[in-house]
Amino acid sequence: MAQWTSAGRGIRYREHETRKHGKRPDRYWCIQYKLKGKTINEAVGWWSQGASHAECENLLSKLRENWRSGQGPQTLKEMREAAAIAKSDEQHRQRLTENENVTVAEFWNEKYYPHIQLYKSANSVRTEQLLFNKWLNPLAGLCLRDLRKEHIETKVVRPLLEAGRSPRTVEYSLAVISQMWNMAHEYEMVGGDNPVSKIKKPRKDNKRDRFLTEEEAKKLLAALKTRAPDVHDLSVLSLFTGLRADECLSLTWADVDMEQKRIFVKDTKNTRNRHAYMTSEVEEMFRSRYKKQRADALVFPNSNGQKNEWGVPDSFTRTVADSGLNEGISDSRQKVVFHTLRHTFASWLVQRGVPLYNVSKLMGHRSLQMTMRYAHLAPDSQKNAAMMLDGALS
């Protein structure tokens, strides 16, 4: 290895054995100095990459001035770290300047929407697109970095509440705006606090209490069978298994075990796979639909053989309306929707004395607490059990 050569006070170099810089051997420059009684050697770099005798002198001059004043970086390492921070800060300022005129709509189209298409379910993507088009659109022309709490409250929250939309819809809309802001912050396109964090979200019990009676269920299924046979079959599955709409629409024939009368429910809302079980009504429905399709074929495909990403067809809503099941009902929690079928499944089980723990597992709830909403429907089994001790000491 080449020997070090002194090139002046505190400056030295060594030459590369083969590599050239012009016609001369390339040189690796270093500086040496004493600080607090300790000798420090720090590399400046190769001649061919910009290091030089003059740069070494300049660096030592700056360090000596800092030592005399007791301010600023005291070593070359500290100087480089400070320079890197300054460069990063300047790049950040430049990015903010470049993106200062990016609107909410431009960020949605160029960044946010492509992102959620990759990482969110089709159902979530569709819901967020509908929310943006209908309720978040008043923010579209605003510069994203100028978005403030008052903009969101006056242009989004207030119109939603005035239109009678549920607190859950307001909360969902705010969540979308918040996620957009957080993503923009990661891209260093905005600074400061998330404006959504300063908004007080409306609170209301949004849980549905309505479930169908046996007569209502018969009436609805009969009407669907005449009007929309596919939606009838979809409704039978949800009513007698408790499957969510998306779980029904995602079902393939590979998930249907006719021999064991069991259904494998995968990729659920809470990511927990589970099994559902066939009643005679569900078994009959499956047998009527099965035409020796491939195992990976959907049980309820659309006209193109693909999953219906738009959810349950509108014929369900129209049939409910024509059946008068929602007549005179203004509270959205009391209206019959497709999810009412799942709610009815749980309600009927509890009314028939099925333990809440079992109902929770069949519904795929995250916790038993979610199933406790059905507790009031249970028969007096607990009272009857307690009364078994009546007169025990007589």
Side-chain angles (χ1 to χ4, degrees), residues 122-123 126-127 130 207-253 255-256 258 261-263 265 268-269 276-291 293 297-352 359 362-364 374 377:
N123 192 48
R126 181 181 68 254
T127 302
L130 291 173
K207 294 178 180 178
R208 296 183 180 275
D209 296 322
R210 174 75 182 276
F211 64 91
L212 300 176
T213 65
E214 287 85 346
E215 289 303 316
E216 288 175 329
K218 288 178 183 178
K219 179 180 179 181
L220 177 59
L221 291 177
L224 286 170
K225 192 164 190 177
T226 302
R227 183 172 198 163
D230 283 344
V231 181
H232 165 271
D233 292 351
L234 199 67
S235 301
V236 166
L237 180 61
S238 182
L239 178 64
F240 288 100
T241 63
L243 266 64
R244 302 176 178 91
D246 191 66
E247 293 170 348
C248 294
L249 294 170
S250 301
L251 206 63
T252 66
W253 286 107
D255 304 322
V256 180
M258 297 299 293
K261 298 184 179 181
R262 186 170 57 184
I263 305 164
V265 189
T268 65
K269 180 180 178 181
Y277 301 90
M278 301 181 199
T279 61
S280 58
E281 293 86 353
V282 175
E283 182 182 6
E284 180 183 348
M285 179 274 294
F286 278 138
R287 293 194 185 281
S288 68
R289 294 188 66 84
Y290 185 62
K291 306 296 184 220
Q293 293 96 326
L298 292 165
V299 178
F300 299 99
N302 61 17
S303 57
N304 297 321
Q306 305 298 316
K307 180 181 174 181
N308 190 341
E309 299 293 354
W310 293 99
V312 178
D314 291 340
S315 51
F316 180 88
T317 303
R318 292 195 297 269
T319 303
V320 169
D322 293 345
S323 299
L325 292 173
N326 288 334
E327 188 174 347
I329 298 175
S330 57
D331 189 341
S332 61
R333 295 169 296 180
Q334 298 300 324
K335 289 188 175 182
V336 174
V337 296
F338 189 82
H339 197 75
T340 305
L341 301 175
R342 171 175 161 85
H343 187 57
T344 301
F345 168 77
S347 301
W348 284 1
L349 289 180
V350 175
Q351 285 181 324
R352 286 161 173 76
V359 176
L362 290 171
M363 293 286 283
Y374 302 103
L377 299 173

Chemist: Find the distance between CG (Leu212) and CG (Leu325) and round it off to the nearest 0.5 Å.
Modeler: 6.5 Å
Chemist: Between Arg227 and Asp322, is there a side-chain N and carboxylate O pair less than 4.0 Å apart?
Modeler: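 Salt bridge present between Arg227 and Asp322.
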Chemist: Could you check if a side-chain atom of Ile329 sits within less than 4.5 angstrom of a side-chain atom of Arg210, using non-hydrogen atoms only?
Modeler: yes
Chemist: Please confirm whether the backbone N or O of Asp230 pairs with a side-chain atom of Asp233, one donor and one acceptor, at under 3.5 Å?
Modeler: no
Chemist: Which heavy atom of Leu298 sits nearest to which heavy atom of Gly305, and what is that distance?
Modeler: CD1-O, 4.1 Å
Chemist: Rounded to the nearest 0.5 Å, what's the gap from OG on Ser235 to CE on Met285? Could you check?
Modeler: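 The OG atom of Ser235 sits 10.0 Å away from the CE atom of Met285.
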Chemist: Over all heavy atoms of both residues, which pair between Ser315 and Thr319 is shortest? Give the atoms and the distance, please.
Modeler: O-OG1, 2.6 Å
Chemist: Does Ser238 reach the main-chain N or O of Leu243 with its side chain, forming a donor-acceptor pair under 3.5 Å?
Modeler: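 Side chain of Ser238 to backbone of Leu243, a donor-acceptor pair under 3.5 Å: yes, one is there.
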Chemist: Strictly distance-based, threshold 3.5 Å: is any side-chain N or O of Gln293 a donor or acceptor partner for the main-chain N or O of Arg289?
Modeler: yes
Chemist: Return yes if a side-chain donor-acceptor contact under 3.5 Å exists between Asp314 and Thr317, otherwise no.
Modeler: no
Chemist: Within the distance-only criterion (no hydrogens, no angle test), does the side chain of Glu284 pair as donor or acceptor with the backbone N or O of Val282 below 3.5 angstrom?
Modeler: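 Side chain of Glu284 to backbone of Val282, a donor-acceptor pair under 3.5 Å: no, none is there.
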Chemist: Kindly indicate whether the side chain of Tyr277, heavy atoms from C-beta on, has any atom under 4.5 Å from the side chain of Thr241.
Modeler: no
Chemist: Do the side chains of Phe345 and Thr340 get nearer than 4.5 Å, heavy atoms only?
Modeler: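 No, too far: nothing below the 4.5 Å cut-off.
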Chemist: Leu341 and Phe316: side-chain contact (heavy atoms from CB on, under 4.5 Å), yes or no, with the steps?
Modeler: CA-CA 12 Å; Leu341 301 175; Phe316 180 88; 4.0 Å; yes
Chemist: Locate the shortest heavy-atom distance separating Met363 from Arg342; write the atom from each residue and the value.
Modeler: O-NH2, 2.9 Å
Chemist: Output the distance between atom CG (Leu221) and atom CG (Leu239), rounded to the nearest 0.5 Å.
Modeler: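 One finds 6.0 Å between CG of Leu221 and CG of Leu239.
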Chemist: Any Lys/Arg nitrogen of Arg287 or Glu283 sitting under 4.0 Å from an Asp/Glu carboxylate oxygen of the other?
Modeler: yes
Chemist: Let me see the working for Lys307 and Asp246 under salt bridge (charged side-chain N to carboxylate O under 4.0 Å, His left out), right down to the final yes or no.
Modeler: CA-CA 9 Å; Lys307 180 181 174 181; Asp246 191 66; 2.7 Å; yes
Chemist: Check the pair Met278 / Val256 against side-chain contact (heavy atoms from CB on, under 4.5 Å), numbers first and verdict last.
Modeler: CA-CA 9 Å; Met278 301 181 199; Val256 180; 3.5 Å; yes
Chemist: For Glu247, is there any backbone N or O sitting under 3.5 Å from a side-chain donor or acceptor partner on Ser250?
Modeler: no
Chemist: With the side chain counted from C-beta on, respond yes when Val337 and Val312 share a heavy-atom pair under 4.5 Å apart, and no when they do not.
Modeler: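 Of all side-chain heavy-atom pairs linking Val312 with Val337, none is under 4.5 Å.
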Chemist: Is it true that Phe211 and Trp348 have ring centroids separated by less than 6.0 Å?
Modeler: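 When the ring centroids of Phe211 and Trp348 are compared, they turn out to be at least 6.0 Å apart.
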Chemist: Can we say Lys219 and Glu214 salt-bridge, meaning some charged N sits less than 4.0 Å from an Asp/Glu carboxylate O?
Modeler: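 A salt bridge is absent here (no side-chain N lies under 4.0 Å from a carboxylate O).
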Chemist: Less than 4.5 Å apart, side chain to side chain, heavy atoms only: is that true for Val236 and His232?
Modeler: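 Yes, at least one pair of side-chain atoms sits under 4.5 Å.
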Chemist: How long is the span from the CG atom in Leu234 to the CG atom in Leu249, to the nearest 0.5 Å?
Modeler: 5.5 Å
Chemist: Is the side chain of Asn308 donor-acceptor paired with the backbone N or O of Asn302 at a distance under 3.5 Å, no angle test?
Modeler: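 Not at all, since once roles are kept as given, no pair shorter than 3.5 Å links the two residues.
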Chemist: Does the plane of the ring in His343 sit parallel, tilted or perpendicular to the ring in Tyr374? Use 30° and 60° as the thresholds.
Modeler: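 The rings of His343 and Tyr374 sit tilted, inter-plane angle from 30° to 60°.
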Chemist: Assess whether side-chain contact (heavy atoms from CB on, under 4.5 Å) is satisfied between Val320 and Phe338, documenting all intermediate values.
Modeler: CA-CA 9 Å; Val320 169; Phe338 189 82; over 6 Å; no
Chemist: Can you find a side-chain donor-acceptor pair between Thr213 and Glu215 that sits under 3.5 Å?
Modeler: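 Result is no, nothing qualifies.
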